[in-house]
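Please read the structure below before turning to the comments.
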Amino acid sequence: MTETTSPGDTSPPATDATEVAHHRSIRSFVRRTGRTTLGQAKAFEDVGPAYLLPYAPAPVDFAAVYGRTAPTILEIGFGMGEATAHIAALMPEKNFLCCEVHTPGVGALLKRISEQGLTNIRIVQHDAVEVLQHMLAPLSLDGVHIFFPDPWHKKKHNKRRLIQPPLIAQLMTRLQAGGYLHCATDWQPYAEQILDVLAAEPLLENTADSTGGGYAPKPHYRPLTKFENRGIQLGHGVWDLVFTRVQAP
């Protein structure tokens with residue numbers, strides 16, 4: 001997938017869903033060029049059949065797919081899968097359903113799965129909007145991760161940003177009470193927009209107090225990628241936003 005990155009973007013581009021209301025005219029991703037390496041291609045052959053979940057317009061039976069009943073976390077756009085593999089290894093008691101359309105990124109995560117012996121990840125190489133709408137049963141998720149979505153930093157492109165009220169409302173139909181939504185971005189104007197959008201959703205409650213301006217300390221499970229570390233060294237900021245879903249009135 002090809003994505004526009006900002007001067008302050010310190011992470012690899014990640015796919016992201018766009019406004020559900022504009023799904024017919026705007027896809028959930030932008031194609032970017034890239035070639036799979038030999039190692040990634042081999043991972044597709046060796047572990048792809050076990051860990052790639054084909055898209056189908058029907059709710060996923062998580063117990064059947066993972067071979068167990070466990071809390072399930074949805075990740076939208078995992079880039080090259082560095083953070084995904086780290087978190088999955090740190091939380092073996094949880095299932096991770098990860099959406100990405102970029103083939104080299106999918107191959108890279110499959111390679112990490114093979115090398116690290118991870119068993120709690122499944123990958124859907126498909127539009128995250130359609131996965132959300134058609135493959136996830138109501139209130140089936142315990143968490144959602146959206147790390148470093150495309151900032152679309154030009155004002156005329158802001159409408160293409162992932163985190164908009166219609167998508168968040170759709171997520172609320174899939175995230176159970178007590179579940180969480182964790183977003184992270186290194187583009188301050190986007191962080192401000194995300195905070196506004198999440199704060200306006202009546203079914204979400206911010207976990208951060210006012211001393212941080214509404215932004216949360218980086219949760220221990222989200223690793224600092226090499227891109228993020230490089231950005232921090234250059235003085236770029238990173239903003240984490242962690243909200244929990246409350247019980248509907």
Side-chain angles (χ1 to χ4, degrees), residues 1-18 27-56 60 65-66 73-92 94-131 135 145-152 160 162 184-187 221-234 236 238:
M1 173 185 96
T2 304
E3 290 191 342
T4 305
T5 55
S6 65
D9 193 6
T10 58
S11 62
T15 32
D16 50 18
T18 52
R27 296 183 65 84
S28 70
F29 55 89
V30 179
R31 291 289 181 187
R32 66 184 174 197
T33 57
R35 295 182 179 179
T36 54
T37 66
L38 290 176
Q40 292 165 3
K42 188 174 187 303
F44 266 101
E45 294 180 3
D46 293 347
V47 300
Y51 295 98
L52 286 173
L53 184 62
Y55 170 78
V60 177
V65 167
Y66 292 94
I73 311 300
L74 171 69
E75 181 171 15
I76 298 177
F78 55 77
M80 299 303 284
E82 179 182 356
T84 305
H86 174 93
I87 296 171
L90 197 64
M91 302 179 179
K94 295 183 179 179
N95 297 332
F96 293 86
L97 182 66
C98 308
C99 297
E100 175 63 68
V101 298
H102 183 44
T103 298
V106 173
L109 181 54
L110 287 171
K111 189 170 182 288
R112 296 179 196 277
I113 288 171
S114 178
E115 292 172 345
Q116 298 180 38
L118 302 173
T119 60
N120 57 337
I121 294 175
R122 297 295 183 272
I123 301 170
V124 183
Q125 189 175 3
H126 193 79
D127 182 345
V129 168
E130 292 190 349
V131 171
M135 291 189 71
H145 293 170
I146 307 174
F147 299 152
F148 305 102
D150 190 331
W152 292 104
R160 295 177 179 268
L162 159 62
T185 181
D186 56 5
W187 186 246
Y221 56 80
R222 185 178 71 76
L224 289 176
T225 67
K226 62 181 180 180
F227 297 93
E228 189 176 349
N229 268 318
R230 184 176 63 189
I232 291 173
Q233 291 170 7
L234 293 172
H236 301 158
V238 175

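Computation of the quantities below employed the complete heavy-atom set of this structure, encompassing side-chain atoms and omitting hydrogens, waters and symmetry-equivalent molecules. By convention here, the first residue in the shown sequence is residue 1.
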Note to self: With a 3.5 Å distance limit and no angle check, can you tell me whether Y51 reaches the backbone of L118 through a side-chain donor-acceptor pair?
What the structure shows: yes

Notebook entry, point to check: Are M135 and V124 side-chain neighbours, meaning at least one heavy-atom pair lies under 4.5 Å?
Noted result: yes

Next item on the list: Working to the nearest 0.5 Å, report the span between OG1 of T185 and CG of L162.
Entry: 10.5 Å

Next item on the list: Working to the nearest 0.5 Å, report the span between CZ of R230 and NE2 of H236.
Entry: 9.5 Å

Note to self: Within the 4.5 Å heavy-atom criterion, are Q125 and V106 side-chain neighbours or not?
What the structure shows: yes

Checklist line | For the student: nearest non-hydrogen atoms of V131 and C99, plus distance | finding: CG1-SG, 3.8 Å

Check: Within a radius of less than 6.0 Å around CG of L38, do more than 12 heavy atoms belonging to other residues, nucleotides or ligands occur?
Finding: no

Next item on the list: To the nearest 0.5 angstrom, please state how far the CD1 atom of I87 sits from the OH atom of Y221.
Entry: 7.0 Å

Notebook entry, point to check: Do E130 and H126 have side-chain atoms, one donor and one acceptor, less than 3.5 Å apart?
Noted result: yes

Checklist line | L53 side, atom CG; L97 side, atom CG - distance, nearest 0.5 Å | finding: 6.5 Å

Margin query: With rounding to the nearest 0.5 angstrom, report the CD1 to CZ distance, I76 to F147.
Written below: 11.5 Å

Notebook entry, point to check: Minimum heavy-atom separation for G81 to L109, with atom names?
Noted result: O-CD1, 3.7 Å

Next item on the list: Kindly say whether G79 contributes a backbone atom to a donor-acceptor pair with the side chain of E100 at under 3.5 angstrom?
Entry: yes

Margin query: Is any side-chain heavy atom of H86 closer than 4.5 Å to one of E82?
Written below: no

Next item on the list: Would you mind telling me which of R122, M91, E75 makes a side-chain contact (heavy atoms from CB on, under 4.5 Å) with F96?
Entry: M91

Note to self: For A85 versus Q116, what's the shortest heavy-atom pair and its separation?
What the structure shows: CB-NE2, 3.8 Å

Checklist line | Value rounded to 0.5 Å, distance of CD in E45 from CD in Q40 | finding: 13.0 Å

Next item on the list: Mind listing the closest non-hydrogen atom pair of R222 and A184 along with its distance?
Entry: NE-CB, 4.0 Å

Check: Is a donor on one side and an acceptor on the other found under 3.5 Å between the side chain of Y66 and the backbone of I121?
Finding: no

Next item on the list: Compare all side-chain heavy atoms of I123 with those of F78 and state whether any distance is below 4.5 angstrom.
Entry: yes

Next item on the list: Check G107 against A43 and note the closest heavy-atom contact, atom names and distance.
Entry: O-CB, 4.0 Å

Notebook entry, point to check: If only atom types and distance count, is the side chain of N95 paired as donor or acceptor with the main-chain N or O of N120 below 3.5 Å?
Noted result: no

Check: R160 side chain to P151 main-chain N or O, any donor-acceptor pair under 3.5 Å?
Finding: no

